[in-house]
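Pasting a structure below so you can have a look.
Numbers here are sequence positions counted from 1. Computed over heavy atoms, backbone and side chain alike; hydrogens, waters and symmetry mates excluded.
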Amino acid sequence: MYTFRDLLKRIRLEAGLTQEELSKILRVSTVLIAMVETGKKEVSKNLIERLARKLEVHPSSITPFVFIDKNVDLNKLPKMEKTLIKFGERMQKYLIRQKSQNLKRHA
């Protein structure tokens with residue numbers, strides 16, 4: 001599963017947008033997009049809401065991916081948690097492949 005910063009970058013690249021183009025669509029600075037994508041700045045609620053609006057999804061579709069601990073051994077998690085993580089991975093693929101196209105309309 002991708003961290004939010006990786007998810008944001010993959011959505012942007014799938015849409016064929018530069019950081020500058022995405023920043024204009026979201027009405028934030030290019031520096032903010034760059035800092036979030038490199039992990040130098042934590043994502044804000046405002047940025048999640050702006051992104052969700054342009055992707056045409058509910059913000060809760062994105063927020064489960066704000067915190068991902070890649071060091072956790074999934075085999076040690078309860079079945080329900082593994083199921084939720086697997087669902088999250090499918091949701092990320094959907095956001096990247098399908099919903100990223102909505103950003104192009106705003107460019």
Atom of Ser61, atom of Leu95 and distance for their closest heavy-atom approach: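 Closest heavy-atom pair between Ser61 and Leu95: O-CD1, 3.7 Å.
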Could you check whether any side-chain N or O of Glu14 sits under 3.5 Å from a backbone N or O of Gln101, counting only pairs where one atom can act as donor and the other as acceptor?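 A pair under 3.5 Å: no.
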Just to verify, what does Leu13 make a side-chain contact (heavy atoms from CB on, under 4.5 Å) with, not counting sequence neighbours?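 Listed in chain order: Lys9.
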Residue Lys86 excluded, over 12 heavy atoms near NZ under 6.0 Å: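 It does not: Lys86 NZ has 12 such atoms or fewer within range.
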Is there a continuous path of hydrophobic side-chain contacts, each under 4.5 Å between heavy atoms, that joins Leu84 to Phe4?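 Unlinked, Leu84 and Phe4 end up in two clusters.
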Check whether Leu74 and Met1 end up in the same hydrophobic cluster, where Ile, Leu, Val, Met, Phe, Trp and Tyr are linked by side-chain heavy atoms less than 4.5 Å apart.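 Per the 4.5 Å side-chain linkage, Leu74 and Met1 are co-clustered.
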Rounded to the nearest 0.5 Å, how far does OG of Ser60 lie from CE of Met91?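 Those atoms lie 8.0 Å apart.
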Separation between NE2 of His58 and CD of Glu49, rounded to the nearest 0.5 Å: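 Atom-to-atom, His58:NE2 and Glu49:CD are 9.5 Å apart.
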Determine whether Leu47 and Ile96 fall in the same hydrophobic cluster, where Ile, Leu, Val, Met, Phe, Trp and Tyr are linked whenever their side-chain heavy atoms lie under 4.5 Å apart.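 Yes; tracing contacts between hydrophobic side chains, which count when under 4.5 Å, links both residues.
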Work out which heavy atom in Lys54 is nearest to a heavy atom in Ile25; give both atom names and the distance.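 Heavy atoms of Lys54 and Ile25 come nearest at CE-O, 3.4 Å.
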Output the distance between atom CD (Glu81) and atom NZ (Lys76), rounded to the nearest 0.5 Å.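 One gets 14.0 Å once the value is rounded to the nearest 0.5 Å.
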Can you give me the closest heavy-atom contact between Ser23 and Ile33, atom names plus distance?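 Taking Ser23 first and Ile33 second, the nearest heavy atoms are CB-CG1, 3.9 Å.
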In sequence, state the C-alpha distance, the side-chain angles, and the governing distance for Glu20 and Lys24, and then conclude on salt bridge (Lys or Arg N to Asp or Glu O under 4.0 Å). CA-CA 6 Å; Glu20 183 177 3; Lys24 286 179 183 176; 3.6 Å; yes
All side-chain contact (heavy atoms from CB on, under 4.5 Å) counterparts of Glu21, not counting sequence neighbours: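 So Glu21 forms a side-chain contact (heavy atoms from CB on, under 4.5 Å) with Leu17, Thr18.
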ILVMFWY cluster, Leu26 and Met35 together (side-chain gap under 4.5 Å):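 Not linked; separate clusters.
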Closest heavy-atom contact between Asn75 and Lys82?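 Nearest pair, atom of Asn75 first, then Lys82: O-NZ, 4.0 Å.
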Taking atom CD of Gln19 and atom OG of Ser29, what is their separation to the nearest 0.5 Å?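 The distance works out to 10.0 Å.
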Any chain of hydrophobic side-chain contacts (each under 4.5 Å) joining Tyr94 to Leu51?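 Shared cluster, yes.
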Is a donor on one side and an acceptor on the other found under 3.5 Å between the side chain of Arg12 and the backbone of Leu22?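 The answer is no, because no donor-acceptor pair under 3.5 Å joins these two groups.
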So which atom in Tyr2 and which in Arg10 form the shortest heavy-atom distance, rounded to 0.1 Å?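 In terms of heavy atoms, the two residues are closest at CE2-NE, 2.8 Å.
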Please give me the minimum heavy-atom distance between Ala15 and Ser100, naming the atom from each residue.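 Looking at all heavy atoms of both residues, the shortest contact is CB-O, 3.4 Å.
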Backbone N or O of Lys79 within a donor-acceptor pair of the Thr83 side chain at under 3.5 Å?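 It does hold such a pair.
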Indicate yes or no: does Glu89 engage Lys93 in a salt bridge with an N to O separation below 4.0 Å.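 Here Glu89 does not pair with Lys93 in a salt bridge, since their nearest N and O are not under 4.0 Å apart.
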Would you say the side-chain atoms of Arg5 pair up with the backbone N or O of Thr38, donor to acceptor, closer than 3.5 Å?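 Yes; at least one donor-acceptor contact below 3.5 Å.
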Do Leu55 and Ile62 come within less than 4.5 Å of each other through their side chains, counting heavy atoms only?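 Yes, their side chains come closer than 4.5 Å.
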As an exercise, state the distance from CD1 of Ile85 to CZ of Arg90, rounded to the nearest 0.5 Å.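 Here the rounded value is 12.5 Å.
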Say you draw a straight line from CG of Leu32 to CZ of Arg27; how long is it, rounded to the nearest 0.5 Å?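 So the CG of Leu32 and the CZ of Arg27 are separated by 15.5 Å.
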